[in-house]
2 protein chains.
Amino acid sequence: MSVNVENTVEIMAGFRALADPLRLQIIELLRSQELCVCELCKKLEVNQSKLSFHLKNLKEAGLVNSHQEGRWIYYRLNLVQFVALEHYLAEYRRFGDIPSARNCQ
Amino acid sequence: MSVNVENTVEIMAGFRALADPLRLQIIELLRSQELCVCELCKKLEVNQSKLSFHLKNLKEAGLVNSHQEGRWIYYRLNLVQFVALEHYLAEYRRFGDIPSARNCQ
DNA sequence: TTGATGTATCAAAAAATATTGATGGGTTAA
DNA sequence: TTAACCCATCAATATTTTTTGATACATCAA
């Protein structure tokens with residue numbers, strides 16, 4: 001019933017990574033297909049350095065993985081982490097209605 | 001199938017609000033019971049101004065509601081918004097495996 | 001080899017967020 | 001009334017995050 005404190009840091013990192021418009025655009029693109037950085041650059045019309053920064057951010061939060069193929073580095077979603085975040089949120093409604101406050105003082 | 005762009009701003013605001021340790025502590029406390037600001041202050045050992053800032057943040061993101069009762073203002077979770085965020089994440093796994101990249105160039 | 005391409009990283013500047021302390025507005029009890 | 005309490009807001013500061021441009025390191029093609 002109580003929230004797992006050890007995981008909370010990772011969960012929060014996930015939410016933090018999702019809290020940015022460009023990063024949200026990135027993961028929405030990756031939703032349908034794995035992509036390399038240069039393709040993301042073109043589709044999102046941002047410079048490579050900026051994109052690299054945000055991809056690192058997403059990767060450190062566990063939301064994406066990458067693998068190299070020749071000189072390209074492909075990024076793809078790590079769905080496991082999405083599920084973890086989803087479950088964290090699901091916990092909040094698991095126990096139904098929340099009691100009103102008993103009077104303060 | 002595609003992600004609803006209009007909602008994305010609200011969804012992102014939700015994630016942003018969750019991306020902070022104190023705010024996460026707040027909602028974890030509110031999970032079991034509605035609380036007033038002074039009680040949250042005591043439990044979390046932070047000053048009132050700081051707490052007020054973060055509560056405003058959570059409220060603007062739709063994660064909590066508040067109502068006044070005498071001189072106390074009680075905050076409680078807005079579970080509807082938690083469900084909305086949960087559903088947003090659930091969309092990512094709805095369509096199963098993601099194709100590998102076709103070669104870039 | 002050499003030069004071009006794809007990507008990460010770094011330092012500096014810019015922008016966004018958070019903290020702090022002070023103040024003020026409601027509400028209640030005396 | 002007055003004073004105490006609960007809370008929001010504001011301005012100034014501090015901190016964190018993001019952007020930008022430069023550079024460096026692989027890999028590949030010629």
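When the nucleotides C:dT28, C:dG6, D:dT20 are ranked by their closest atom to the side chain of A:Arg71, C:dG6 comes out on top. Here C:dT17 is the nucleotide among C:dT17, C:dT7, C:dT19 with the atom lying nearest to any side-chain atom of B:Arg16. Taking every side-chain heavy atom of B:Ser52 into account, D:dA8 is the closest of D:dT20, C:dA18, D:dA8. Checking C:dT20, D:dA8, C:dT7 against the side-chain heavy atoms of A:Cys36 singles out C:dT7 as nearest. In this structure, of C:dA8, C:dT17, D:dC6, it is C:dA8 that holds the atom nearest to the side chain of A:Tyr75. The side chain of B:Asn47 lies closest to C:dT20 when the candidates are C:dT20, C:dT9, C:dA18.
Regarding B:Leu51, its CG atom lies at a distance of 13 Å from the P atom of D:dT9, rounded to whole Å. One can place NZ of A:Lys56 at 12 Å from P of D:dT18, the figure rounded to the nearest angstrom. One can place CD of B:Glu39 at 16 Å from P of D:dC5, the figure rounded to the nearest angstrom. For the pair B:Glu60 CD and D:dT9 P, the interatomic distance rounds to 9 Å; values are reported in whole Å. The distance between atom CH2 of A:Trp72 and atom P of D:dC28, rounded to the nearest whole Å, is 8 Å. In this structure, NE2 of A:His67 is placed 17 Å from C1' of C:dA8, rounded to the nearest angstrom. The NZ atom of B:Lys59 sits 12 Å away from the C1' atom of D:dC7 (whole-angstrom rounding). Taking atom CG on B:Asn57 and atom P on C:dT17, their separation rounds to 9 Å, with Å as the unit.
The CG atom of A:Leu51 sits 10.5 Å away from atom CD of A:Gln25, with the distance rounded to the nearest 0.5 Å. Taken from CZ in A:Arg93 to CZ in B:Phe82, the straight-line distance is 12.0 Å, to the nearest 0.5 Å.
At least one side-chain nitrogen or oxygen of A:His54 sits closer than 4.0 Å to the OP1 or OP2 atom of D:dT19. The phosphate of C:dA18 (OP1 or OP2) has no side-chain N or O of B:Lys50 nearer than 4.0 angstrom.
B:Arg31 and B:Leu77 get closest at one heavy-atom pair: CA-CD1, 3.7 Å. Residues B:Glu10 and B:Gln81 share a closest heavy-atom pair of O-NE2, 4.0 Å.
B:Glu91 has a carboxylate O that lies under 4.0 Å from a charged side-chain N of B:Arg94, or vice versa, which qualifies the two as a salt bridge.
Judged by distance alone, with hydrogens and angles left aside, A:Gln68 brings no side-chain donor or acceptor close enough to the base of D:dA26 to form a pair under 3.5 Å. The base of D:dT19 does not come close enough to the side chain of A:Ser49 for any donor and acceptor atom to sit less than 3.5 Å apart.
Summary of the strand contacts: A:Glu69 and B:Phe53 both lie near DNA chain D, and taking for each the nucleotide with the nearest heavy atom, the more 5' one is attributed to B:Phe53.
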